[in-house]
Amino acid sequence: MTTTAAVDAQPVVEVEDLRVTYARSVQALRGVSLWVPRKGVVAVLGNNGAGKSTLLRAISGTLGQEGGTVTDGSIRLAGRPVERYGPSAIVAEGVLHAPEGRRVFGTLTVEDNLRAGGTAARSRRARAEAGERVYALFPVLYERRRQRAGLLSGGEQQMLAIGRALMGSPRVLLLDEPSLGLAPLLTERIAEVITEINREGTAVVLVEQNAAMALRVADLAFVLEAGRVSLQGRAADLAGTTEVRDRYLGMGAGQRPAPPDPGQRPVPSGSGQLLPPSPGQLSPPDAERPSPPDVERPSPSGVAQPSPPGAGQPSPPTAAQPPSPGAQRKGTAEAGSAVHELVVEDVSVRFGGVQALDRVSFTVTPGSLHALIGPNGAGKSTCLNVLSGVYAPTTGGVRYGDHDLTRLPQHRIAAAGISRTFQNLALSPGETVLDNLLVARHRYMRTGFLSAALRTPRSRREAAEHRAAAERTAALLGLDRLLHSRVGELPYGDRKRVELARALCAEPGLLLLDEPVAGMNHGESLRMEQAIGTVQRELGISIVLVEHDMRFVMGLADRVTVLDFGRRIADGTPAEVQRDPHVLRAYLGDLPGVTT
Amino acid sequence: MNEFLGFLVNGLSLGAIYALIALGFVMIFKATSVMNFAHGSIVLLGAYVVGRTHDEVGFWWAALLGILAAAAAAALVDLIVLRHARGADLGTLAILTIGVDTLLSTELTREMGTAILDAGAPWGTSTVHLGGTSVPLSRLVAALVAVVVVAVLWAVFRFTHWGVRMRAAAEDGTTAALMGIRLGRVAAGAWAIAGVLAALAGVFLTSFPSPGISPAAGVTALAAVPAWVLGGFDSFPGAVVGGLVIGVVTALSAGYQEHLLFLGRDLAQVAPYAVMFLVLLVRPSGLFGSKEFARV
Ligand SMILES: Nc1ncnc2c1ncn2[C@@H]1O[C@H](COP(=O)(O)OP(=O)(O)OP(=O)(O)O)[C@@H](O)[C@H]1O
Ligand SMILES: [Mg+2]
């Protein structure tokens, strides 16, 4: 794969000194140059907000729809300048873009989504062949072909989004985080798919937070930081640099850590026990550090000028740093929620022909972090939906302290101190981060409408308090700089953080998290891990966590329940579950220990 | 009882015509998020072309010309007026279409003068006796045509590639563009189809028992607005059901006018709106309007 031939081939896409600005004068790209070898795979790594998706949008001509413009620089496709082309002209050139965040057509059936994707296919034959290939790759899509795409599980939607892009038989495929929300086994499949379509002649630009996977399939790699290329080189060489290993891979390229010692129970504090974050590990990469010979460090201005990669990005919370919402909470008697035991007993949920949950039971002891893992479509989100009252189970019961959650409407469940985040995000995109957070403070608002309207001193004091609480939570999650940004403009990973912050603002006793680190790279997920660990430690709340990032899960969880096809196939400590042969087969793959 | 049955049949057939118009509203709204208040004058244009040409070319060719003219006019409204305003808010776009409506209907009125043209349809003024009541033949044809048109539309949307593209573009234009779906073409196509439906409705709306083709037809066509709204703005089944409901309500309130005098004269004109308000009170997004469709 990483052959010299592939890297040195005539570039099919050339981007030169590209600068992009969004409507509200955010400069997203500040002079990016990169190239895609013909029939090569290029990985683009970087933090949330580094400009990766913007780069793809610029190539596919869809910046305009997001309010962005190319202010300078050029994009060439097979030598022809295309930076002024519209999306359909770009597609006509054989460039297809699978955008960030799935964006399947929810009201269309799975089959029709694929047909829409086939619009760009060269011929009826090509379309039929591509269709067969997609169904062979993702058999679940074939089973669900008549179902509306909006009803698929998150991972199934992701498969559909990838399949839809493959339907156009592209010459150049731009993939924005294809492994988002996919179970470890499927992520491996995606890697194989990329390799395979590449072998058949498609060049791929791969924006990916799963850097280990990306660097494994790529020939070339570029690291974006704050709108500039900070590192570039052959993927294999980059994977060997300290910076990439620390910030994106976490544990060194290619090598997987040994399974944790069975006797040693991971510490639930979330302080990253499996991976102690040494001070240097999270600090900005140091320009002086020697880098391997093949890795270039482009400096657009000609001067070696390492951009501060921390810019615009949160710094890791340290012990001394931002106080958690709880710090204040202990002072105010009325705020906060009691923490109870959660007992899920024999819960079943059925949707038409799909048994989403099949007599599932587990217990979450107060103050613990309970992870729910399993393949895509196993029923994890459905389980959270039952816990938060979105679905009523067909049989079984859920008790939280004295509350019978199966009988309570959603708002009463929230009032009992249960709040959640959503896999597909449920924020108000037009509002600022701060306003989104304040919505969650709603149930603590004491002053009535009238005194708020009259701006009485009391109401003003209260408003200030809520604002302060929201700001503290934001700081804890590194969102303080983004408080006044509109949520719709934030990159996916930041939106996930806003969701978590909003859930925390409700000061719950039980927090339900659906894939909190999907779309984050290693360094970012480490910070999330620390933030969640801190929250849990300081507030003593219970957390039910759904996540496919096993390093994250195993580092945080006290207990893990594994679902497959709606059934519980394992339940135990992280160490026990990781050794369970059923779990290995159904979910983790035959890889020993933690997968990336 | 027989009287009631007569009103009902008349109402349903009138409703079929409203349904055709309301389907056009829905089509345009789904594809381009425009509330097209120029639709009334497009209905009128279709009817006018038929009325003007049938003497020379015969009714069927005239009908074809009328349909083509209305389709072209609708597509041009999209291409010339609205294409450059894509992304503007609903209100601005609606006002633009009101401007187009004023222009087009003024021009048509000038052309027509005071003469009342005849559509020249072969079914003329004949009526059919159905279960003790008489129904104009033109209305029966209208109902039949509406059924066929709805079935064809449904099949086109459901099964053809064009239909898939149209639905994809309506749901998420940005993503659809990424698959190579040309939003401009989809939009113009949707407008043209709405134009076809408008011309068909125009012919029936101006056939017997109505007096003939006059500028008033454009206004009559707007009686389909409550049908569109109560059906739920963006729902094809809603447009059909809404059209039928409004048709029946109109026919019944006109038929029983004498008994309902205490509600005032011209009840038939007011009743559709009253029904619309009642429905919206109970179901704010209309009978079939899409509430946010998603799972979490
Ligand atoms: N509202 C619904 N209607 C029909 N089917 C549904 C609905 N919700 C979920 N399903 C189906 O139930 C199964 C379980 O879905 P669920 O979302 O719980 O999976 P998951 O474990 O969260 O998967 P992922 O890891 O992909 O998010 C899936 O096959 C899904 O298609
Ligand atoms: Mg899920």
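What you are looking at is a predicted structure, and each value in this text was computed from that prediction instead of being measured. Note on naming: letters A, B, ... go to the chains in the order of the sequence lines (proteins, then strands), and numbering restarts at 1 for each one.
Looking at B/Ala170, there are no atoms closer than 4.5 Å to chain A (heavy atoms on both sides), in backbone or side chain. Residue A/Arg127 touches chain B through its side chain alone, counting heavy-atom pairs closer than 4.5 Å. For A/Val95, no part lies near chain B; criterion is any non-hydrogen pair under 4.5 Å.
With a 4.5 Å cut-off on side-chain heavy atoms, A/Leu96 and B/Leu178 do not count as touching. Residues B/Glu171 and A/Leu108 form a side-chain contact, since some pair of their non-hydrogen atoms from C-beta on lies under 4.5 Å apart.
Chosen from A/Ala120, A/Ala165, A/Ser88, the residue pairing most often with chain B at heavy-atom distances under 4.5 Å is A/Ser88. Ranking B/Gly180, B/Ala168, B/Gly163 against chain A, the residue ahead of the rest is B/Ala168, based on heavy-atom pairs under 4.5 Å.
Applying side chain to side chain contact (heavy atoms under 4.5 Å, CB included) to A/Thr119 and the options B/Arg165, B/Arg182, B/His161 leaves one that passes, B/Arg165.
Atom CZ of A/Arg350 has more than 12 neighbouring heavy atoms from other residues, nucleotides or ligands inside a 6.0 Å radius. For A/Phe351, the CZ atom is densely surrounded, since the number of other residues' heavy atoms within 6.0 Å is greater than 12.
Here the straight-line distance linking atom CZ of B/Arg167 with atom OG1 of A/Thr107 works out to 7.5 Å at 0.5 Å rounding. Atoms CZ and OG1, on B/Arg158 and A/Thr109 in that order, are 6.5 Å from each other to the nearest 0.5 Å. Interatomic distance, CG of A/Asp112 versus CZ of B/Phe157, reported as 12.0 Å (0.5 Å rounding). In this structure, CZ in A/Arg103 is found 3.5 Å from OG1 in B/Thr175, a value given to the nearest 0.5 Å.
Taking each heavy atom of B/Asp172 and A/Phe105 in turn, the nearest pair found is O-CE2, 3.7 Å.
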